[in-house]
**Student:** 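First, the structure itself, so that you have it in front of you.
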Amino acid sequence: MNRSNPITGVPEPDLPPYLSSLNPEQLSAVRHEGKGLLILAGAGSGKTRVITTKIAYLVREKGIEPESILAVTFTNKAAREMRDRAAAIESECSRAVMRTFHSFGAWFLRRNSQAAGLDSNFTIYDDDDQTTLLHGAMPQNSRSECGRMVQAISRAKDLGLEPDSPDLSAAFSDPEMRRIYALYEERLRNTGNVDFGDLIRMPARLLREDEAVRRRTRQRFRVILVDEYQDSNIAQFELLRLLAGDGAYICVVGDDDQSIYRFRGAEVRNILSFPEIFPGTDIIKLERNYRSYQSILDVAGDVVSHNSGRLGKKLVAERTGGSKPKLALLEDQDSEVAYCVRVCKDHLKAGGRWSDIAILYRTNAQSLTFEKEFPRLGIPYRIVGASRFYDREEVKDALAYMAMLCNPRDEVAFKRIVNKPSRGVGETSVDILLGEAEASGSDLLSSAARAADTLKGKAKAGTRDFLALIQGLDGLLSSPNPDGESLGPFIERLVRSSGLIEYHRAQDEIAGTQKVANLEELVNAASLYPRSPEGLSDFLETIELDRSLSSEEVAADAVTLITMHNTKGLEFPLVIATGLEQGLFPRDDEEGEELEEQRRLFYVAITRAKDELYLTSCHWRRLHGRLYETMPSRFLGEIDGSRIETLKAKKSVGGYGSGAPFGQRPISARPAGTGVQDKEASAWRAGAAVYHDDYGAGVIIKVSPTPSSGPLVVVRFETGRQAQFFPKFTKKLEVQRS
DNA sequence: TCACAGTGACTTTTT
DNA sequence: GTCACTGTGA
């Protein structure tokens with residue numbers, strides 16, 4: 001194929017095929033040289049292709065050593081895809097470092113563990129473990145409160161804030177934040193483990209403070225590429241800056257319109273201000289869309305154009321034709337299901353497949369109606385994102401035994417398994433054992449061995465059994481392995497000799513669960529690793545960093561049920577975006593930045609559709625066991641009416657669909673008949689003194705409206721306890737009148 | 001230490 | 001409607 005250089009217009013007949021198939025913008029992005037590059041890649045514009053081609057181009061054409069290239073993504077799936085596709089063009093690319101941010105952080109910390117003050121065998125705590133850890137440090141607070149605090153601490157880490165950062169008070173209103181964060185950090189450092197935030201923050205700190213590490217690292221990585229850059233947080237941005245220094249070429253690819261993880265710390269401004277922070281950055285926009293028909297892109301464009309603070313892009317479809325997207329204004333969820341079923345069946349009649357179709361929703365709870373009805377109506381389906389294999393109790397139990405073997409200071413693991421299955425070591429005994437470890441400063445196993453003598457009866461025997469068990473497993477793990485036996489049989493032995501398998505077999509019989517099968521699945525997964533301390537450590541890290549079920553995504557022919565968030569990066573020939581109702585999507589308390597993020601989420605949802613797009617909105621929605629009357633989402637009102645075909649339910653009488661403006665009034669909450677009015681809503685405001693039947697006197701520190709449950713009131717009580725309530729549903733909380 | 005019932009809360013969630 | 005947590009009683 002003959003083509004011209006996009007810049008000079010000079011024909012370049014000898015471009016290799018992997019470059020000649022790119023469009024001019026893509027090609028100039030691939031060949032760009034200079035200080036830095038920001039690629040603004042609209043949905044479906046081939047950004048993964050550009051980034052992988054660029055890696056291959058640098059290696060093949062520019063003589064860059066693959067080892068000096070670092071490419072980071074946010075998901076393991078994206079990292080895998082990047083590795084595969086780059087290697088498919090140029091096999092040398094597989095020597096480049098292509099990882100998720102967090103897996104890069106773990107890789108970096110293990111290589112520099114001494115400098116970072118960590119053992120190289122650290123394991124990684126997930127949010128559940130974090131909560132257990134904090135709860136152990138402040139048992140007077142409830143677990144759920146600790147969970148909330150842990151979330152705040154994680155946000156602080158996303159923001160790159162330390163317990164002693166001056167900015168901490170500005171970012172978090174809770175006056176206790178600093179103290180609790182410091183307490184948490186101390187406790188975490190004592191375990192020798194790290195959390196997800198540390199995987200970003202600690203490498204950054206190391207680069208900032210350790211000159212030798214900084215020099216060595218900067219010498220190595222000359223080219224840094226970042227995918228889905230709009231999802232990066234402040235700490236990640238900081239890490240990039242430190243990695244790049246003045247010398248590296250940095251190329252980020254992203255779409256400010258697809259930034260949907262603000263609530264998890266993502267900072268859109270990272271992309272908006274990238275050119276200012278990295279002076280000399282060039283910008284290339286990819287606006288040709290290869291996925292959807294223009295009729296679909298226009299709808300997406302209408303919606304997102306209502307956001308301020310955009311870099312601004314207009315997607316142009318390469319695919320001509322296509323029909324108008326359809327909006328169905330329906331009576332209730334049952335009609336929504338029926339409508340979806342009809343769309344699905346029509347698609348099949350027209351020669352399509354079930355797997356072409358995705359049904360999208362804002363909240364996981366919405367999948368239930370579909371799950372209940374689909375089997376009966378003959379629609380095969382699969383739910384994406386629901387199976388959290390590694391979050392399951394039995395799997396976490398087994399993982400805790402493994403973590404204990406890796407790191408004898410792992411307090412969270414110890415607490416989880418020392419009495420599971422039951423060995424007669426109760427809460428009091430566990431406290432004694434942990435107290436001994438804290439007092440002596442030694443690891444949990446050796447201090448437990450000493451403290452066991454002070455226990456009596458069952459607790460003493462149980463502790464000794466536990467220690468003997470761990471010791472036996474430890475010996476087996478590190479014993480010579482000349483035949484290269486895999487980790488599988490070892491894990492099998494672990495779940496058997498610990499009694500976990502028997503314990504969960506009993507549970508299976510009582511509750512009809514699949515726990516034993518899940519443990520067996522875990523044994524299977526372990527078979528890919530060698531039986532050795534290093535093998536175990538590798539296995540654990542892989543699991544900790546990639547919680548998606550590694551076993552293949554079953555390619556069954558089924559309709560996909562999926563949250564809008566989970567669709568990012570995916571595409572389907574036919575998309576039905578459901579539940580487009582004010583109060584649900586967006587919620588009524590969402591305004592400003594949050595509202596814009598919801599709009600971007602809608603944009604993401606729409607741009608998943610290749611051929612056909614359907615939107616549904618229900619007049620009545622059942623939520624939390626109540627029935628609510630709703631208005632269509634305000635986002636629907638932002639679409640130029642001529643671009644969509646609107647279908648109204650025949651049944652609809654009055655109000656809905658009869659010329660009512662979109663998204664004007666929120667749900668008129670109508671819990672089954674009673675006309676509850678929020679007459680007292682104004683009484684619930686921050687600063688007001690309240691009294692709770694159980695907790696006593698307190699002060700409201702925050703009030704947030706909810707779509708359907710009235711105001712949500714956060715109260716700090718004199719006891720120091722903090723709790724939230726829906727005044728609408730509880731009679732125990734009243735405002736003090738003085 | 002365990003089992004049960006009553007109570008309170010209730011988005012999204014790459015790692 | 002459902003789940004997880006809390007507190008009680010055995």
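Throughout, a chain's letter reflects where its sequence line sits, starting with A, and its residues are numbered from 1.
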**Student:** Ring of A:F122, cation from A:R110 - is the NZ or CZ under 6.0 Å from the centre and inside 45° of the axis?
**Tutor:** yes
**Student:** When you look at CD of A:E594, are more than 12 heavy atoms from neighbouring residues, nucleotides or ligands closer to it than 6.0 Å?
**Tutor:** yes
**Student:** Between A:R148 and A:D174, does at least one N-O distance fall below 4.0 Å, as a salt bridge requires?
**Tutor:** no
**Student:** Checking all strands, does A:G197 fall into the base, sugar-phosphate, or nothing category for heavy-atom contacts under 4.0 angstrom?
**Tutor:** nothing
**Student:** Is the ring centre of A:F263 under 5.5 Å from the base ring centre of B:dT12, and are the two planes under 30° apart, so that they stack?
**Tutor:** yes
**Student:** List the steps, then state whether salt bridge (charged side-chain N to carboxylate O under 4.0 Å, His left out) holds for A:E336 with A:R621.
**Tutor:** CA-CA 10 Å; A:E336 190 174 53; A:R621 178 150 306 263; 3.1 Å; yes
**Student:** Is A:R143 salt-bridged to A:D128, going by a charged N under 4.0 Å from an acidic O?
**Tutor:** yes
**Student:** Anything under 30° is parallel, anything over 60° is perpendicular, the rest tilted; go ahead and classify A:F74 against A:F101.
**Tutor:** tilted
**Student:** Any side-chain N or O of A:N566 under 4.0 Å from OP1/OP2 of B:dT13?
**Tutor:** yes
**Student:** Look at A:T563 and B:dT13 and indicate whether a side-chain polar atom (N or O) is within less than 4.0 Å of OP1 or OP2.
**Tutor:** yes
**Student:** Identify all pairs in which a protein N or O lies below 3.5 Å from an N or O of nucleotides 8-10 of chain C, and state each distance.
**Tutor:**
none

**Student:** Round to the nearest Å and state the distance from A:Q258 atom CD to B:dT14 atom C1'.
**Tutor:** 14 Å
**Student:** Using a heavy-atom cut-off of under 4.0 Å over every strand shown, decide if A:N364 touches base, sugar-phosphate, or nothing.
**Tutor:** sugar-phosphate
**Student:** So for A:R264 and B:dT15, does any side-chain atom that can act as donor or acceptor lie under 3.5 Å from a complementary atom in the base?
**Tutor:** yes
**Student:** Base, sugar-phosphate or nothing for A:Q366? Non-hydrogen atoms, less than 4.0 Å.
**Tutor:** nothing
**Student:** For a quick check of understanding: with a heavy-atom distance under 4.0 Å over all strands, which category does A:V425 fall into, base, sugar-phosphate or nothing?
**Tutor:** sugar-phosphate
**Student:** Nearest whole Å is fine: how far is B:dT12 C1' from A:Y603 OH?
**Tutor:** 20 Å
**Student:** Assign A:S422 to base, sugar-phosphate, or nothing according to its heavy-atom contacts below 4.0 angstrom with the strands shown.
**Tutor:** sugar-phosphate
**Student:** How would you label the contact of A:R622 with the nucleic acid (heavy atoms, under 4.0 Å): base, sugar-phosphate, or nothing?
**Tutor:** nothing
**Student:** Under a 4.0 Å N-O cut-off, is there an ion pair linking A:D158 with A:R264?
**Tutor:** no
**Student:** Considering every strand and a 4.0 Å limit on heavy-atom distances, what is the contact class for A:F101: base, sugar-phosphate, or nothing?
**Tutor:** nothing
